[in-house]
Amino acid sequence: MFGFLVRRVLAVIPVMAVVGLFVFSLLSLAPGDPAALIAGDQASPADIERIRASLGLDRPFLVRFGEWAWRILHGDLGTSIFTNLPVTTMIGQRVQPTVSLMLVTLVFAVLVAVPLGVVAAWKAGRLVDRLVMGAAVLGFSVPVFVVGYLLAYVFALELGWLPAQGYTPIEQGVGAWLANLVLPALTLGLVYIALIARVTRATMLDVLQQDYVRTARAKGVAQGGVLFVHALKNAAVPIVTVIGIGIALLIGGAVVTETVFAIPGLGRLTVDAILRRDYPVIQGVVLLFSFTYVLINLAIDLLYTLIDPRIRY
Amino acid sequence: MDRRTFLKGSAALGAAGMAPQFAAPALAQPAKVLRFVPQANLANFDPIWGTQYVVRNAAALVWDMLYGVDAQLKPQRQMVESEEVSSDGLTWTFRLRPGLKFHDGEPVLSKDVVASLTRWMARDPMGIMIRAIQAELAPVDDRTFRWQLKKPFPKLLLALGKNNAPCAFIMPERIAKTDPFTQITEYVGSGPMKFARSEWVPGARAVFEKFSDYKPRDEPSSWLAGGKRMLLDRVEWVIMPDPATASAALQNGEVDWWENPIPDLVPLLRKNANINVDIADPLGNIGAFRMNHLHPPFDNPKVRQAVLMGMNQEDYMRALIGDDDKLWKPLPGFFTPGTPLYSEAGGTKIGKGDIAAAKKLLAEAGYKGEPVVCVVAQDQSITKNMGDVTADLLKQMGMKVDFVATDWGTVGTRRASKAPPAQGGWNMFHTWHAGADCINPAVYPAIRANGDKAWFGWPDLPVVEAGITEWFDAADPAAEKAAIDKVNAAAVSGGVYVPTGYFLGYQAWRKNVTGVGKGPLPFTWGVSKA
């Protein structure tokens, strides 16, 4: 197990190197010049060139990539071209809202989706099943921004129960923090619930046909015990996998959700940076996301061994 | 404590913490805090290095100017107590008001002004013109400085007080000595508000706090002139990229003032009894698309004329702002309506939508079916809507259109390329100009037609340039107007660019906010909140 852990951690290095090279190359090939954007409408070509030089953008690709990689190895993600702030500072300012949104969404979605999936499998083919699966298809199909606007209209504008936008750091009170996250988490959670509920149902249907479930029922175990102890535990591996992979969906969906609810998270930071061609910020955020994915995959692999003792590395 | 007790206690604490927020969302604010939704993100904060309007607007709170234009477009003294100009117009001597202080407590001295103006002159078009005729700019004493020129520059005070970016903001010498092409890292000014650097989250919020040592002038405020009296303790800029979200926040009382609501949402805001909606900037905007004069087909003046005849300004304006006729008017020229130099000379041919005549002229011009590379930023609704209309227009005229849908970042770079369209260049792009930037040639680079030195599209039309020179040399308003008539007629005839119409924009604010005025930027002085 320890050997597996070491191998997986070491594997992160080449993955991150390839991601870094890929992102750096892509940005170099993409049209758009931050110097032209900074210089503004009244600048002469000479002004633009001077700004490019001051930003170091006039140097050869390999030189810039080498310097960037060297800085990364020393834990320095560079400085934003536009704000002149360290990229780590900018990411640090934006991490909490995004992580908060993802955590609340994740907890909410798992608490709702898993029982729904289990119930749908239990009542397979019946009205409850069809309702749950119909809702899941709807949840997956309706665009995030439509759900967001609808929720904001009903719960913020019409009922006045919750704020329509913004983010309150958790240090300023759990209630205020949560109040700002309810609508975005509901919005983002619908997609996620649909995904998890469908996988849970499918996996549970398979498990419920197994002999040990029949045995448990024959022994007189209550229905809840059969479903949530015997069956669900054995269906957990695919469910955990889809929850983990679904975090990637959450990051993608967070870009839209953060915009609709004006949450200053990493999603908005990324979009703003792309539109401005703020290369250091884009590179920093992409590296962070990539690293997060790698860690999530590692965590899922480790969780397998806890859920199913037969799995060994 | 056992596990059960701990869980119960945690649950109770959580519920207690949450209850008030759920019962009533955190909408209440301390008195004298204004929450403002600006037009765009404050991504950087050096008003000389970056020239975006949003940076200029924030900078006007933090940095003061020697002069400021008022609502009559006249420069008035601001940091300056008095000025003297020699009879030959070559030597200007300025004296600063007493008691001016920077936010760090240091007095504003003439050496600060000299350093600030030197940095500004390196980046501003009018500043560059002054620098070219400057003999010396130097302090005389702590409150006096002298500017010696080799040639008279009658519009010097306008240059120092204009609201076009970059404005001549005054910074401490140590900051102003920063290379003009490198961003400053300290935001210390002597204006009515201090920038709360520690609270700045680019893309999310920017905060300004009242500067208690600021001494406003005695005169009533008028745009950038007069007494900038801050009645608010704090102004919080909340960045909201999505208009529907900003609209909801304003209706909900989570923000107080929204700088630029989109026309689609204005009827909704008007229905709310707690919200005022009014025109924001009386100088409005001029929609525009530019043709590249360097390459076929628009290197041919007849082809440019054909486009001017074929385009219909109403089509563009309806695409931009819908059916609200109060918000737009046709513009048979290039200068801002309602300002002293507005001209319609020679403008009768613009924007009538005469497709038949346009086709005929195009045939006479010998158009050979070259594709027109039309570069359009889809992430700016103004340019996107205008681009769609233009693509349709060119097709109706029988031109071949290569429609390049992209983002503003790419347009910003591509339009600077002089390469042929097939090799990464362009034939046409869309933009718009703030009306405040189109009031005279000194602040209006888009009207220049001096070839290589001109704005993107590089028109080379000596008649336009001759008119502009006449305006700079004009001794009185009548001579200025005559010169501008020449410029306007020549710009129409040569197709410097294509004005797609004149349009205004709204602003919206809660009714408990008073003192909101109209102007080319959102002036916060004189604004209060109940």
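Note that this is a predicted model, so its numbers are computed, not measured. In what follows, chains are A, B, ... by sequence order, proteins preceding strands, each numbered from 1.
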Practice prompt. State whether Arg268(A) and Asp242(B) are salt-bridged, where the test is any N-O pair (Lys NZ or Arg NE/NH1/NH2 against Asp/Glu carboxylate O) under 4.0 Å.
Written response: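 Result for this pair is no, no salt bridge flagged.
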
Worksheet item: Is the shortest distance from a Lys or Arg side-chain nitrogen in Arg414(B) or Asp33(A) to a carboxylate oxygen in the other one below 4.0 Å?
Response: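 A salt bridge is absent here (no side-chain N lies under 4.0 Å from a carboxylate O).
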
Interface moiety of [X] toward chain B, non-hydrogen atoms closer than 4.5 Å:
X	result
Tyr149(A)	side chain
Tyr153(A)	neither
Ala152(A)	neither
Ser54(A)	side chain

Practice prompt. Starting from the C-alpha separation in whole Å, work towards a yes-or-no answer on side-chain contact (heavy atoms from CB on, under 4.5 Å) for Met90(A) and Val201(B).
Written response: CA-CA 8 Å; Met90(A) 293 184 73; Val201(B) 181; over 6 Å; no

Counting only heavy atoms closer than 4.5 Å, note whether [X] contacts chain A via side chain, backbone, both or neither.
X	value
Arg448(B)	neither
Asp452(B)	neither
Leu42(B)	neither
Gln183(B)	both
Val411(B)	neither

Discussion item. Shorter than 4.5 Å, heavy atoms on both sides: which option in Lys453(B), Gln251(B), Gln52(B) has the most such pairs with chain A?
Written reply: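 The option with the most such pairs is Gln251(B).
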
Practice prompt. Specify which of Ala248(B), Gly412(B), Ala246(B) makes the most heavy-atom pairs with chain A at under 4.5 Å.
Written response: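 So the answer, after comparing Ala248(B), Gly412(B), Ala246(B), is Ala248(B).
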
Worksheet item: Do we see a donor-acceptor contact under 3.5 Å between the side chains of Arg277(A) and Thr410(B)?
Response: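 Thr410(B) and Arg277(A) do have a side-chain donor-acceptor pair below 3.5 Å.
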
Enter the distance from [X]:[atom1] to [Y]:[atom2] here, rounded to the nearest 0.5 Å.
X	Y	atom1	atom2	value
Trp408(B)	Leu275(A)	CH2	CG	13.0 Å
Trp200(B)	Leu85(A)	CH2	CG	5.0 Å
Trp49(B)	Asn84(A)	CH2	CG	7.0 Å

Worksheet item: Under a 4.5 Å cut-off applied to non-hydrogen side-chain atoms, are Asn252(B) and Gln165(A) in contact?
Response: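 SC-SC contact between Asn252(B) and Gln165(A) ruled out.
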
Worksheet item: If only atom types and distance count, is the side chain of Thr83(A) paired as donor or acceptor with the main-chain N or O of Ala43(B) below 3.5 Å?
Response: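 Pair absent, no side-chain N/O of Thr83(A) close to backbone of Ala43(B).
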
